[in-house]
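Reading through the structure tokens given below for one structure.
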Amino acid sequence: MVSRVIPVDTFDLVIFGGTGDLARRKILPGLYRRFLGGQMPQDSRIIAAARSDMSDDEFRAQVRAAIEEFVAADKRDAAVIDEFVARISYVAIDATGENGWAQLKDTMRDGVIRAFYFSVAPSLFGAIAERLSDHGIADPQSRIVVEKPFGRDLASAKALNAVLAQHFAEEQIYRIDHYLGKETVQNLMAVRFANILFEPLWKAQYIDHVQITVAETVGVDGRGAYYDTSGAMRDMVQNHLMQLLCLIAMEPPYHFDPNAVRDEKLKVIRALDPVAPEDIVRGQYLKGGDQDGYVAHSGNPHSRTESYIALKVHISNWRWKGTPFYLRTGKRLRARASEIAITFKEPPHSIFDDAEGWRENVLVIRLQPNEGMNLMVMIKEPGPGGMRLTQVPLDMSFAEALGEEGEDIPDAYERLIMDVIRGNQTLFMRGDEVEAAWAWADPIIEGWERRGDRPRGYEPGTSGPEDALMLLHRDGRRWREIRE
Ligand code: NAP
């Protein structure tokens with residue numbers, strides 16, 4: 001298969017927070033890979049901004065170190081790295097002060113796309129937007145990219161939207177949810193809307209239930225104090241799992257167009273029912289071996305913040321009424337694995353005697369590791385033993401199916417940054433979508449805060465609290481095993 005890399009237009013990309021963790025681990029290595037892949041035009045430039053005083057060369061040395069650490073050895077080409085860092089400069093700017101802005105303005109070129117990545121704490125978004133506009137650095141074609149978290153409730157998300165809207169039109173604002181940049185997530189739309197195969201069955205009549213799992217093995221150590229003000233519902237469900245749910249549940253958009261797609265996702269969020277307390281299980285990982293538990297990591301002995309959550313969610317519309325969506329996400333679980341599993345219903349009548357061998361059809365969409373899809377189907381067990389049934393996977397690993405190209409799947413951040421330059425907002429959340437998701441999440445969070453619910457402890461390295469098993473058991477269902 002021939003790789004089709006279409007270069008984007010020439011750009012000047014300013015990364016506020018260019019010395020931070022996200023820039024070092026994801027943004028700069030990702031840009032290097034796009035440069036290596038021929039997608040970033042030679043005459044494009046990257047300008048990093050942060051408060052520390054530093055020369056261009058000092059910053060370039062940091063970028064080289066980041067590439068060394070976060071880019072695979074077979075992609076590190078000394079000559080290409082030299083060319084790449086030559087396109088990078090650094091300017092010292094305090095987002096809340098006045099120094100550095102004039103220098104930034106002088107650095108920007110006319111006639112190229114201007115993009116500004118706000119890779120800083122959300123409390124600085126407003127200050128940066130205001131100064132970009134007051135200093136005349138942003139033009140009407142400029143784009144801004146804002147990181148998560150986008151608010152911690154509906155009120156703060158509205159305030160953030162309002163402050164950005166004072167200086168930028170919605171068409172200029174790119175709210176990142178890196179889950180939407182994952183290859184498999186986009187493939188979900190291709191599979192649904194470029195094939196006739198699944199869509200006729202894609203409804204409550206044929207789908208028994210949907211499971212969405214995002215399991216991590218890491219704890220919150222290192223960022224426990226921040227995490228304790230957030231928790232799994234705010235950090236993962238309101239944004240990432242919600243976006244996955246939307247892509248599974250939405251109606252076909254009339255066109256693969258940013259607003260058409262986002263209109264359909266918004267309708268799903270608005271159709272979500274409130275979640276009953278008995279349909280929520282929250283957990284906190286316990287101390288295990290010589291590893292501290294959540295409470296020690298958070299530094300808050302009385303913490304009631306969840307590091308795990310499982311929810312049963314209903315969508316009240318014609319397509320989904322009666323088909324539950326079970327969502328779960330947590331830290332320090334058995335394996336690092338993210339997947340969507342769509343379990344179909346039984347055929348209306350079995351003509352086979354071998355009922356025991358029968359299992360449901362399940363379409364599994366793996367987000368990590370090893371992105372791909374798996375369709376579990378029934379076949380005849382091979383051999384002369386009569387008509388006995390067995391289940392086999394129709395397995396499609398993208399890396400295997402697409403050969404070398406599949407191995408070179410761009411990281412979510414790379415893809416999303418290129419989409420910003422292309423001016424394509426399809427994979428970015430619109431302001432009303434984020435607000436609708438908070439409008440759904442807020443009463444759930446307020447409910448457990450009002451009741452004073454405590455999360456259940458769970459052993460690290462397991463699937464989470466025992467109670468989460470009951471969430472499905474009582475419906476006659478089971479969670480899929482969490483495994484890599
Ligand atoms: P970080 O490591 O703390 O970096 C923050 C950056 O902002 C540094 O470059 C810092 O440099 C700069 N900065 C701080 N105050 C500033 C100011 N007043 N003016 C100008 N620059 C300032 O944070 P991070 O982990 O990279 O996160 C950045 C954003 O991405 C946050 O919104 C975070 O929630 C989001 N995010 C991060 C990750 C991740 O994996 N790290 C994942 C998802 C989302 P100076 O101190 O030199 O100014």
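Values in this document were obtained by computation on a predicted structure and should not be read as measured data. Indexing begins at 1, ligand by ligand and atom by atom, following the structure's order.
- Closest protein heavy atom to atom 38 (C) of ligand 1: Leu22 CD1, 3.7 Å.
- Polar contact check, Gly20 against ligand 1: a nitrogen or oxygen pair lies under 3.5 Å apart.
- If you check the side chains of Tyr294 and Glu306, you find no donor sitting under 3.5 Å from an acceptor.
- For Arg454 and Gln284, the side-chain atoms include no donor-acceptor pair closer than 3.5 Å.
- From the protein, the heavy atom lying nearest to atom 25 (O) of ligand 1 is Asp21 CB, 3.5 Å.
- Ranking the protein heavy atoms by distance from atom 19 (N) of ligand 1 puts Ala95 N, 2.8 Å first.
- The distance from ligand 1 to the heavy atoms of Pro122 drops below 4.0 Å at these ligand atoms: 32 (O).
- Every atom of ligand 1 with a heavy atom of Pro149 under 4.0 Å away is listed here by number and element: 34 (O).
- Nearest to atom 39 (C) of ligand 1 among the protein's heavy atoms is Arg25 NH2, 3.4 Å.
- Counting protein heavy atoms only, atom 18 (N) of ligand 1 is closest to Asp94 OD1, 3.0 Å.
- In this pair, Tyr179 and His240 present their aromatic rings parallel. The plane angle is below 30°, not in the 30 to 60° band.
- Relative ring orientation between Phe428 and Tyr174 is described as perpendicular, the plane-to-plane angle rising above 60° on a 0-90° scale split at 30° and 60°.
- Within the 3.5 Å criterion, the main-chain N or O of Ser230 finds no donor-acceptor partner in the side chain of Arg152.
- When atom types are taken as modelled, the side chain of Asp56 and the backbone of Tyr90 share a donor-acceptor pair closer than 3.5 angstrom.
- Comparing Arg51, Met54, Glu147, His178 against atom 45 (P) of ligand 1, the shortest heavy-atom distance belongs to Arg51.
- For the pair Arg334 (side chain) and Arg483 (backbone), a donor-acceptor distance under 3.5 Å is absent.
- Of the polar atoms of Ser52, at least one N or O is found under 3.5 Å from an N or O of ligand 1, judged by distance alone.
- With hydrogens and angles ignored, the 3.5 Å screen pairs a side-chain donor or acceptor of Trp440 with a backbone N or O of Asp273.
- Formation of a donor-acceptor pair under 3.5 Å by the Arg60 side chain with backbone atoms of Val85 is found in this model.
- Of the heavy atoms in Ile93, only backbone atoms (N, CA, C, O) come closer than 4.0 Å to ligand 1.
- For atom 32 (O) of ligand 1, the nearest protein heavy atom (residue, atom name, distance) is Val120 O, 2.7 Å.
- For atom 33 (C) of ligand 1, the closest heavy atom belonging to the protein is Lys148 O, 3.5 Å.
- Nearest to atom 9 (O) of ligand 1 among the protein's heavy atoms is Thr19 OG1, 2.6 Å.
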